[in-house]
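So the structure is just underneath, and the comments pick up after that.
Values in this document were obtained by computation on a predicted structure and should not be read as measured data. In the text below, chain A, chain B and the rest are named by the order of the sequence lines, each starting its count at 1.
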There are 2 protein chains.
Amino acid sequence: MRLSTRTRYGLRALMELACNYEKKPLPLKTIAQRQGVSVKYLERVIVILKNAGIVKSSRGSLGGYMLAKPPDQIKIIDCFRPLEGPVVLVDCVYDEGSCSRFADCMVKGLWKQVNDVIEDVLKSKTLQDLVENTKREGILDYRI
Amino acid sequence: MRLSTRTRYGLRALMELACNYEKKPLPLKTIAQRQGVSVKYLERVIVILKNAGIVKSSRGSLGGYMLAKPPDQIKIIDCFRPLEGPVVLVDCVYDEGSCSRFADCMVKGLWKQVNDVIEDVLKSKTLQDLVENTKREGILDYRI
DNA sequence: ATTATTCCTACCTTTATAGTAGGATATACT
DNA sequence: AGTATATCCTACTATAAAGGTAGGAATAAT
């Protein structure tokens with residue numbers, strides 16, 4: 001029930017990239033320092049987001065990472081799924097055949113409902129939304 | 001992000017006990033057969049619920065398990081937490097000091113919101129609610 | 001060339017999950 | 001008293017996932 005550090009670090013890194021949108025590529029070293037994480041581990045996280053088409057990279061000196069699309073066009077759920085895996089509290093939510101007890105299970109409706117509310121939140125927000133919420137709360141003072 | 005079998009089996013077992021409320025104690029063997037689970041494993045699950053005060057037991061021949069309270073007085077969240085652990089997607093939801101990046105984290109609001117909607121669902125329902133939903137859907141034909 | 005970066009592969013450690021095994025203890029019924 | 005049926009208790013095992021680390025190759029700007 002706890003999010004993996006993969007997902008936590010990944011989303012935080014995406015927020016950095018969102019704030020940096022349309023500027024120079026942001027190297028992992030910078031992100032890693034700001035977030036207090038090792039570059040090596042962040043590499044393993046960001047490659048997931050790259051394969052998912054959410055970020056793109058440029059190699060070599062002055063290289064780094066950028067968002068592949070404007071932050072208001074990137075939904076949280078599309079970042080979440082590659083990092084944490086699909087939102088599936090129980091398999092039967094998407095595949096009735098996955099559980100032999102599906103027919104007479106009295107709990108499946110509950111799990112489905114919980115699953116749905118999680119997805120609703122993750123679908124309803126973009127990276128841009130999170131940036132704006134944060135600005136409204138007066139964070140981000142270390143960035144200009 | 002996936003529920004443990006502990007939680008899934010545990011809740012299903014509780015549904016059996018809810019349907020059996022104020023009848024004779026229900027032995028694990030019966031539940032295990034209905035659910036297609038080993039008695040041995042179910043023992044490990046039910047002891048968690050017993051320690052949490054949700055079920056009580058009677059030993060010996062004709063013994064078994066019963067709900068400790070009427071099913072309409074048992075909230076799902078009180079069953080969920082001992083089985084799956086507290087609903088805490090990220091520690092900072094309950095303990096700001098748990099993350100050194102709390103002050104400038106742009107994602108914490110999102111995690112808090114997801115956490116809240118999960119808890120809301122689990123708090124809003126009792127075992128009795130699930131039984132009634134199920135009856136309304138015409139399941140439970142094997143029980144009378 | 002040198003430096004800074006991404007990219008790739010392999011390895012390691014720790015923790016949690018999902019069990020199984022064997023037997024001790026308690027209770028009802030005959 | 002004895003047997004069958006339960007819960008209860010302790011210990012063990014196997015597998016997978018999480019959370020990294022290490023070393024170096026490939027690429028690009030200066």
* Asked: Which nucleotide in the list C:dT27, D:dA18, D:dA28 gets nearest to the side chain of B:R59?
  -> C:dT27
* So does B:S38 get a side-chain nitrogen or oxygen closer than 4.0 Å to the phosphate oxygens (OP1/OP2) of C:dT20? -> yes
* Select one nucleotide: of D:dA11, C:dA4, C:dC29, the one nearest the side-chain heavy atoms of B:R44. => D:dA11
* **Length of the line joining A:Y41:OH and D:dA17:C1', which is rounded to integer Å** => 11 Å
* **Test item: side-chain donor near acceptor, A:T5 and A:Y41, under 3.5 Å** => yes
* Without swapping roles, check the side chain of B:D91 against the backbone of B:S98 for a donor-acceptor pair under 3.5 Å. => no
* Structure fact -> Whole-Å distance, A:I31 CD1 to C:dT6 P, equals 8 Å
* **B:A13 versus B:Q35, closest heavy-atom pair with distance** => N-NE2, 4.4 Å
* To do: Assign A:L28 to base, sugar-phosphate, or nothing according to its heavy-atom contacts below 4.0 angstrom with the strands shown.
  => sugar-phosphate
* Asked: What nucleotide, of D:dG19, C:dT6, D:dT7, holds the atom closest to the side chain of A:T5?
  -> D:dG19
* Structure fact -> note: A:L83, atom CG; D:dA17, atom P; distance rounded to Å ~ 17 Å
* Whole Å only: how far is the CD1 atom of A:I48 from the C1' atom of D:dG20? -> 13 Å
* Phosphate oxygens OP1/OP2 of C:dG19: is one of them under 4.0 Å from a side-chain N or O of B:Y9? -> yes
* Is the side chain of B:N133 donor-acceptor paired with the backbone N or O of A:G109 at a distance under 3.5 Å, no angle test? -> no
* Could you work out which one of D:dT21, D:dA29, D:dA6 sits closest to the side chain of A:S61? => D:dA29
* **B:Q73 and B:T126 side chains, donor-acceptor separation under 3.5 Å** => no
* Test for a donor-acceptor pair under 3.5 Å between the base of D:dG19 and the side chain of A:K40, counting only N and O atoms. => no
* Asked: Between C:dC7 and A:K50, is there an OP1 or OP2 to side-chain N/O distance shorter than 4.0 Å?
  -> yes
* Asked: Atom CZ of A:R8 and atom P of D:dA18: how far apart are they, to the nearest Å?
  -> 13 Å
* In whole Å, what is the span from the CZ atom of A:R2 to the C1' atom of D:dA17? -> 16 Å
* Do the side-chain N or O atoms of B:S57 get closer than 4.0 angstrom to the phosphate oxygens (OP1, OP2) of D:dA6? -> no
* Identify, between A:S58 and A:E43, the residue whose nearest nucleotide on DNA chain D lies closer to the 5' end. => A:E43
* Side chain of A:P27: nearest nucleotide among D:dA18, C:dT6, C:dT20? -> C:dT6
